[in-house]
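Following: one structure in structure tokens, then a few remarks.
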4 protein chains.
Amino acid sequence: MKALRPETSRPVRSKAKSVERWNQLLLEATRLFRDRGFAATSMQEVSDAVGLLKGSLYYYVRSKEDLLVAILHDLHHRGEEIVSEVDLDSADPLHELYRYLCKLIVYAAENADRLSIFFRDFRFVPKGQQATIIRKRDMYREMAEQLIGRAIAAGQIPEAVNPAIASRTVLDGVSGIHEWYRKGGSLPLAQVADQIAGLLVAGLSQYQSRREN
Amino acid sequence: MKALRPETSRPVRSKAKSVERWNQLLLEATRLFRDRGFAATSMQEVSDAVGLLKGSLYYYVRSKEDLLVAILHDLHHRGEEIVSEVDLDSADPLHELYRYLCKLIVYAAENADRLSIFFRDFRFVPKGQQATIIRKRDMYREMAEQLIGRAIAAGQIPEAVNPAIASRTVLDGVSGIHEWYRKGGSLPLAQVADQIAGLLVAGLSQYQSRREN
Amino acid sequence: MKALRPETSRPVRSKAKSVERWNQLLLEATRLFRDRGFAATSMQEVSDAVGLLKGSLYYYVRSKEDLLVAILHDLHHRGEEIVSEVDLDSADPLHELYRYLCKLIVYAAENADRLSIFFRDFRFVPKGQQATIIRKRDMYREMAEQLIGRAIAAGQIPEAVNPAIASRTVLDGVSGIHEWYRKGGSLPLAQVADQIAGLLVAGLSQYQSRREN
Amino acid sequence: MKALRPETSRPVRSKAKSVERWNQLLLEATRLFRDRGFAATSMQEVSDAVGLLKGSLYYYVRSKEDLLVAILHDLHHRGEEIVSEVDLDSADPLHELYRYLCKLIVYAAENADRLSIFFRDFRFVPKGQQATIIRKRDMYREMAEQLIGRAIAAGQIPEAVNPAIASRTVLDGVSGIHEWYRKGGSLPLAQVADQIAGLLVAGLSQYQSRREN
DNA sequence: TATGAATGAGCCTTCATTCAT
DNA sequence: AATGAATGAAGGCTCATTCAT
């Protein structure tokens with residue numbers, strides 16, 4: 001999880017200290033944005049948290065939104081790895097989906113703060129930078145949709161399943177964990193992941209309509 | 001879903017015209033809060049939307065938060081009905097769950113705006129009024145957990161399923177629709193609901209662990 | 001203490017009820033202005049106190065300042081009587097001063113609310129109407145100054161006494177009672193008045209400089 | 001009389017320039033509050049007076065009330081010295097009282113602005129901070145009451161004098177000067193002080209009831 | 001690197017007052 | 001006589017941001 005400074009930031013000289021501060025900044029900002037929301041967090045609070053004066057923040061950041069963008073970039077940066085590890089040509093696409101979902105669940109739980117900020121405060125990302133982030137988010141679902149398609153083709157999922165809807169349902173079931181998962185619960189995270197992914201994958205493979213009217 | 005004025009609001013005998021304005025206010029505020037977020041929506045924008053001066057809003061509302069609370073009360077008011085219609089003693093608890101989920105899905109889709117506000121901006125509800133609303137939200141999940149418990153007891157769901165986690169997964173899969181459903185899509189809402197609820201219910205009944213390590 | 005409506009008020013028809021309301025208005029306004037100050041009292045509070053809606057006040061009053069002016073007029077109206085009862089040609093001007101002061105003290109105690117408003121909020125009286133009220137206030141002191149002058153001429157007060165200063169001191173000592181006197185104290189008001197007036201009159205007649213440098 | 005920043009104010013190491021501004025702020029605010037009253041003075045007016053933008057005031061102050069409190073603290077800060085200089089065990093308590101009153105008079109005249117604000121606008125001090133200030137004010141009178149008690153015991157004041165009332169009368173006579181004293185009058189302040197204090201002290205020592213009924 | 005002072009725009013809210021009914 | 005709805009101006013305060021030092 002390398003912390004990336006915004007590409008256009010001001011000149012950097014002494015790396016060590018500077019990078020440290022930047023990471024600290026990101027950390028505290030994440031905590032604050034998560035707790036109070038982006039709009040309701042003031043730069044004053046951020047600067048208090050890192051022990052700088054308000055004005056000094058602008059040596060590290062060009063704007064409050066910079067912080068938000070950095071946090072969200074960080075989030076999806078890691079996520080991309082997970083997506084790239086998927087084997088679309090697996091002989092058992094359903095199980096491949098299971099593995100993919102498990103990783104997403106663990107990832108969502110471990111990045112609950114960032115994810116929460118993403119879901120709530122994405123709209124405060126400057127319009128020009130929204131597309132990049134949205135594309136990454138869509139990537140998660142599209143990968144799920146593709147795997148579902150393969151599994152249908154392979155006969156592992158009934159054709160009655162609508163991949164567009166199912167992929168969304170599955171992703172919603174997976175990412176919702178950021179709202180309720182707390183570290184140190186009774187179940188190990190890996191087991192929680194199996195419960196969720198197992199349920200969703202089973203649902204896909206066994207789906208049948210129960211419509212009455 | 002009659003829009004209820006907060007009890008604390010001034011005028012008691014609200015004449016026709018007044019009620020109209022109040023509903024209009026709620027409508028526009030909902031739209032704006034949904035689009036821009038509560039914190040980033042100004043009373044100026046709300047008043048512009050209803051054709052009043054900023055200050056005039058306070059004839060109807062005692063604070064910006066009042067608007068938020070009114071919107072969220074409205075939301076859960078309707079939801080309570082759905083919960084109360086559930087037959088906990090049904091001979092087929094799994095199917096009862098399916099029906100419950102379907103209603104929730106339709107409800108979530110039809111109230112996507114309010115739900116979105118709830119998920120994003122609940123934190124701006126004054127502390128003193130948060131509990132009431134939270135309790136209502138918990139109700140949805142607890143009902144699902146109870147039905148899952150009954151279904152396990154009835155042998156419709158394997159005992160390996162953890163009701164606490166499963167109920168959360170199910171609720172997340174259901175409520176997530178507020179993020180992506182748009183009226184007038186290719187599928188009728190009832191069919192979308194069946195896709196989601198069918199998948200989740202099948203997943204519950206057919207869950208099996210795929211854990212590898 | 002006849003309550004006078006401002007001369008230019010709107011047409012009056014049914015006298016009884018109207019006058020009643022007006023008196024009630026003055027009473028409540030006096031209480032509120034005294035307790036919260038003129039500037040910090042809202043017409044809303046006044047209307048609440050008399051059981052009318054805010055807008056309805058303007059049937060009785062042309063402006064908030066009208067209320068203030070009416071209260072202060074009332075105050076000095078009564079006071080004028082006291083001044084006019086003084087016998088400037090008394091053979092014992094010092095004792096005449098004592099009697100005058102006693103009446104003022106009783107009056108100040110009984111009108112503590114109005115007096116308090118006068119001292120604190122006179123500045124909110126519209127500029128055009130300030131002169132009239134100021135003139136009345138000056139009247140009290142000028143009468144004291146005149147009596148002191150007579151007493152000096154009669155040899156009852158040493159010539160070293162400066163009437164301008166002494167009259168102010170005496171008036172300050174007298175009117176200060178509005179700040180601390182509470183009905184139902186241990187001493188009857190008449191006795192309190194004697195204590196104050198007795199002290200001041202004795203001081204006038206026995207003054208002697210103690211200046212050291 | 002160094003102007004003390006409220007402890008709660010942000011910056012800790014106030015550089016020269018900052019202190020200057022703060023003093024200027026206090027000065028102008030005092031003038032404005034005195035002239036227009038606290039409630040009727042806007043922060044806009046204050047900021048205009050010191051040449052800042054309205055919002056910039058809040059770099060120095062946390063609220064309008066902060067300014068008021070600072071002004072009143074300053075006032076009584078100096079006053080405490082005067083009280084502490086009194087020799088309660090003086091062999092001539094009456095004369096000690098005279099000296100005490102003289103100092104108070106000079107002090108009241110020199111701080112007429114602040115005193116005026118105190119008398120008129122004390123009620124706008126936040127409830128939590130009122131007690132501290134009230135206690136200081138009471139101190140002035142209580143000291144007078146004690147000295148009167150000593151003088152009675154020493155036979156310098158007749159026993160008929162009620163110390164509670166007399167001390168109030170004396171204080172009222174003394175502090176009233178803030179309303180009418182203007183610098184550069186015909187009499188030097190020291191002489192004015194002697195006139196007032198001399199009168200009051202003579203009154204105490206020579207008081208006799210003149211009650212008729 | 002960081003500070004301290006200031007900006008400027010905007011925000012939520014209050015309130016005296018008006019006026020058609 | 002009184003109501004109910006609305007106005008319009010102002011008020012206190014917050015905050016992201018800038019910049020000389």
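Residue numbers begin at 1 in each chain, while the letters A, B, ... track the order of the sequences.
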Just to be sure I understand: a Watson-Crick pair is purine N1 to pyrimidine N3 plus N6-O4 or O6-N4, both under 3.5 Å. Using that and G-U wobbles, which stems of three or more pairs involve DNA chain F? E:2-21 with F:2-21
Tell me: CG of C:Asp66 to P of E:dA16, nearest whole Å? 14 Å
Tell me the interatomic distance from D:Lys64, atom NZ, to F:dC13, atom C1', rounded to whole angstroms. 12 Å
All pairs passing salt bridge (Lys or Arg N to Asp or Glu O under 4.0 Å) where residues 24-38 of chain B contributes a residue, at least two apart: B:Glu28-B:Arg31, B:Arg34-B:Asp113, B:Arg36-B:Glu45
Starting from C1' on E:dA2, measure out to CG on A:Leu25 and report it in whole angstrom. 14 Å
Does E:dA2 have its OP1 or OP2 closer than 4.0 Å to a side-chain nitrogen or oxygen of A:Arg21? yes
To the nearest Å, how far apart are A:Gln44 CD and F:dT17 P? 14 Å
Could you go through nucleotides 19-21 of chain E and list every protein N or O atom that sits under 3.5 Å from one of its N or O atoms, giving the distance for each pair?
none

I need the full list of salt bridge (Lys or Arg N to Asp or Glu O under 4.0 Å) pairs touching residues 119-134 of chain B, with sequence neighbours left out, sorted by first then second residue. B:Arg120-B:Glu179
Are C:Asp74 and C:Asn111 close enough, and set up right, to give a side chain to side chain contact (heavy atoms under 4.5 Å, CB included), and what steps lead you there? CA-CA 10 Å; C:Asp74 255 25; C:Asn111 292 275; over 6 Å; no
Rounding to a whole Å, what distance do you find between C:Leu53:CG and F:dG4:P? 5 Å
Qualifying residues under salt bridge (charged side-chain N to carboxylate O under 4.0 Å, His left out), relative to A:Arg137, sequence neighbours excluded: none
By side chain to side chain contact (heavy atoms under 4.5 Å, CB included), which residues pair with D:Ala40, not counting sequence neighbours? C:Phe124
Contacts of type side chain to side chain contact (heavy atoms under 4.5 Å, CB included), residue C:Gln129, not counting sequence neighbours: C:Val69, C:Val125, C:Pro126
What pairs with B:Gln24 under side-chain hydrogen bond (donor to acceptor under 3.5 Å, both in side chains), at least two apart in sequence or on another chain? B:Arg21
Do C:Leu75 and C:Ile71 come close enough that some side-chain heavy atom pair is under 4.5 Å? no
Does any residue of residues 34-42 of chain C have a heavy atom under 4.0 Å from DNA chain E, and if so, which ones, in number order? C:Thr41, C:Ser42
Taking F:dG4, E:dA6, F:dG8 as options, the one with an atom nearest any side-chain atom of D:Tyr59 is E:dA6
Calculate the interatomic distance between B:Glu65 atom CD and E:dC11 atom P; express it in whole Å. 15 Å
Interatomic distance where OH belongs to A:Tyr60 and P belongs to F:dT17 [whole Å]: 17 Å
Taking the minimum atom-to-atom distance to the side chain of D:Met43, which one of F:dC13, E:dA2, E:dA6 wins? F:dC13
Contacts of C:Leu57 and D:Glu45 projected onto DNA chain F by closest heavy atom; the upstream (5') one is C:Leu57
Roughly how many Å is it from CG in B:Leu68 to P in E:dC12, rounded to a whole number? 13 Å
Contacts of type ring-ring contact (aromatic ring centres under 6.0 Å, His included), residue C:Phe33, not counting sequence neighbours: C:Phe38
Phosphate oxygens OP1/OP2 of F:dG4: is one of them under 4.0 Å from a side-chain N or O of B:Ser18? no
Partners meeting ring-ring contact (aromatic ring centres under 6.0 Å, His included) with C:Phe122 (sequence neighbours left out): C:Phe118
Between D:Lys54 (side chain only) and D:Ser42 (backbone N and O only), is there a donor and an acceptor less than 3.5 Å apart? no
Only counting residues at least two apart or in another chain, list the ones meeting salt bridge (charged side-chain N to carboxylate O under 4.0 Å, His left out) with D:Glu65. none
Name the nucleic acid region contacted by A:Leu52, choosing base, sugar-phosphate or nothing; use a 4.0 angstrom heavy-atom cut-off, strictly under. sugar-phosphate
Taking the side chain of B:Lys54 as its heavy atoms from C-beta onward, which of E:dT17, F:dA10, F:dG12 lies nearest to it? F:dA10
